[in-house]
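Report on the structure given below.
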Number of protein chains: 2
Amino acid sequence: MQNKIFQNFLGQKGLKMTRERFAVLEEVSSVPVHFDPEQLYARIRESGLKASRASVYRTLSLLVESGLVEKVSRSGRGNIYEHTYGRRHHDHMICDICGEIIEFYSEDLENLQLDICTSNNFKGMSHTLEIRGHCENCRR
Amino acid sequence: MQNKIFQNFLGQKGLKMTRERFAVLEEVSSVPVHFDPEQLYARIRESGLKASRASVYRTLSLLVESGLVEKVSRSGRGNIYEHTYGRRHHDHMICDICGEIIEFYSEDLENLQLDICTSNNFKGMSHTLEIRGHCENCRR
DNA sequence: GTCTAATTGAAATTAAATCTCAATTTCAGT
DNA sequence: ACTGAAATTGAGATTTAATTTCAATTAGAC
């Protein structure tokens with residue numbers, strides 16, 4: 001599972017699996033799917049776990065590198081991350097009014113992007129598609 | 001042209017066309033297509049024009065609202081904007097290595113997004129697609 | 001020209017994220 | 001289990017981006 005994955009990732013890079021890194025991964029698993037670093041830090045403090053703000057940010061970067069977490073958006077002030085372990089890739093619609101985040105996935109969309117990368121001789125590693133507008137509820 | 005457009009926009013909102021706002025729009029027109037607010041501010045200082053940092057940020061928001069400027073990305077630290085007057089919508093590939101920004105446009109991609117919005121009962125107003133990876137030059 | 005509401009700018013403030021560096025911890029090699 | 005080198009940590013300082021404050025100024029309707 002994800003602990004093993006993270007441990008392998010760290011091993012490959014000659015990094016150590018510390019108590020703090022474990023705590024961050026632990027909390028990432030229990031936090032809502034979309035979260036921001038400060039939220040995560042606050043929750044770690046509340047739960048018995050321990051990791052400084054610096055470690056939270058540092059570990060978050062490693063988790064992104066390892067593929068367990070993705071940076072979702074930078075619409076507002078800070079970054080929003082999401083826990084991606086066991087969830088397939090998807091993109092987001094964000095309601096400008098109520099802030100709701102709707103996830104969607106389209107095979108066609110993914111393929112189209114691959115084609116576009118190919119024809120530009122670009123090696124696409126990741127992407128973010130964010131559609132902003134008004135959600136179902138706010139359309140009235 | 002764009003001055004008129006901005007003026008109309010301001011008029012409609014009961015806002016005033018000030019020297020400072022004019023200066024910002026002026027400089028947006030001469031700056032490279034992709035720019036960040038601090039760059040813009042620096043260039044305004046250099047040229048004879050005058051507008052405080054606060055006014056630059058404030059005006060930039062208005063320009064986005066008016067449609068003359070778009071927020072492109074928030075990949076790194078600050079926001080990147082682009083001047084969109086007279087240019088059609090497009091998306092971006094950003095090289096993780098050298099930072100190069102490649103623009104692209106795909107009718108199919110746009111249509112696909114429309115379909116996706118429709119089937120989610122979402123009224124899409126704008127979107128940002130950012131593909132990150134390695135550009136042609138950096139692939140070796 | 002007058003008047004009022006909008007706007008400005010300098011500096012303080014907020015907020016997110018990163019950096020510093022002495023003290024601590026991990027873990028590979030024994 | 002012990003040791004030592006190298007990685008990691010945390011508290012607080014720092015950086016950077018952006019926003020806010022508010023008294024003084026200015027635009028523009030009348």
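Naming convention: chains lettered A, B, ... in sequence-line order (proteins, then strands); numbering from 1 in each chain. Because the structure is a prediction, the values reported are computed rather than measured.
- Place A:Val56 and B:Tyr81 on DNA chain D by their nearest nucleotides, and A:Val56 ends up nearer the 5' end.
- For B:Asn3, the side chain to side chain contact (heavy atoms under 4.5 Å, CB included) partners are B:Met1, B:Phe22, B:Leu25, not counting sequence neighbours.
- Atom CG of B:Asn8 and atom C1' of D:dG28 are 16 Å apart (whole Å).
- Listed pair A:Asn79 / C:dA16 fails the phosphate criterion, with no side-chain N or O lying under 4.0 Å from OP1 or OP2.
- As a whole-Å value, the separation of B:Glu38 CD from D:dT19 C1' is 12 Å.
- Residues satisfying the side chain to side chain contact (heavy atoms under 4.5 Å, CB included) test with A:Tyr57, not counting sequence neighbours, are A:Pro37, A:Glu38, A:Arg53.
- Note on residues 111-120 of chain A: pairs passing side-chain hydrogen bond (donor to acceptor under 3.5 Å, both in side chains), not counting sequence neighbours, are A:Gln113-A:His127.
- Distance CG (A:Leu40) to P (C:dA16): 14 Å, rounded to an integer number of Å.
- Side-chain contacts under 4.5 Å among hydrophobic residues (ILVMFWY), followed directly or transitively, place B:Ile116 together with A:Met93, A:Ile102, A:Phe104, A:Leu109, A:Leu112, A:Ile116, A:Phe122, A:Leu129, A:Ile131, B:Met93, B:Ile102, B:Phe104, B:Leu109, B:Leu112, B:Phe122, B:Leu129, B:Ile131.
- Taking every heavy atom of both residues into account, A:His89 and A:Tyr105 meet most closely at O-CD1, 3.0 Å.
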Reading nucleotides 2-9 of chain D from the 5' end, what letters show protein touch, with B for base, S for backbone sugar-phosphate only, - for no heavy atom under 4.0 Å? ----BSSB

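- The phosphate of D:dT19 has neither OP1 nor OP2 within less than 4.0 Å of any side-chain N or O from B:Tyr57.
- When each of B:Gln7 and B:Arg53 is assigned the nucleotide of DNA chain D bearing its nearest heavy atom, the one mapping closer to the 5' terminus is B:Arg53.
- Shown here are the side chain to side chain donor-acceptor pair (under 3.5 Å) partners of B:Lys16, two or more places apart in sequence or in another chain: there are none.
- Atom-to-atom, CG of B:Leu62 to C1' of C:dT8 comes out at 13 Å; the value is rounded to the nearest Å.
- With sequence neighbours excluded, no residue forms a side chain to side chain contact (heavy atoms under 4.5 Å, CB included) with A:Asn8.
- Sorted by residue number, the members of residues 27-37 of chain B with any non-hydrogen atom under 4.0 Å from DNA chain D read B:Pro37.
- In terms of the side chain to side chain donor-acceptor pair (under 3.5 Å) criterion, residue partners of A:His92 (sequence neighbours excluded) are, by chain and number, A:His34, A:Glu82, A:His90.
- Residues A:Leu60 and A:Phe35 form a side-chain contact, since some pair of their non-hydrogen atoms from C-beta on lies under 4.5 Å apart.
- By the side chain to side chain contact (heavy atoms under 4.5 Å, CB included) test, A:Ser30 pairs with A:Glu27, A:Arg43, sequence neighbours left out.
- Straight-line distance from the CZ atom of B:Phe9 to the P atom of C:dA6: 15 Å, rounded to whole Å.
- What separates CD1 of A:Ile80 from P of C:dA15 is a distance of 15 Å, to the nearest Å.
- Partners of A:Lys50 according to the side chain to side chain donor-acceptor pair (under 3.5 Å) rule, which considers only residues two or more places apart in sequence or in another chain, are A:Glu20.
- Comparing the local axis fitted to the first five base pairs of the helix from C:dG1-D:dC30 to C:dT30-D:dA1 with the one fitted to its last five gives a bend of 40°, rounded to 10°.
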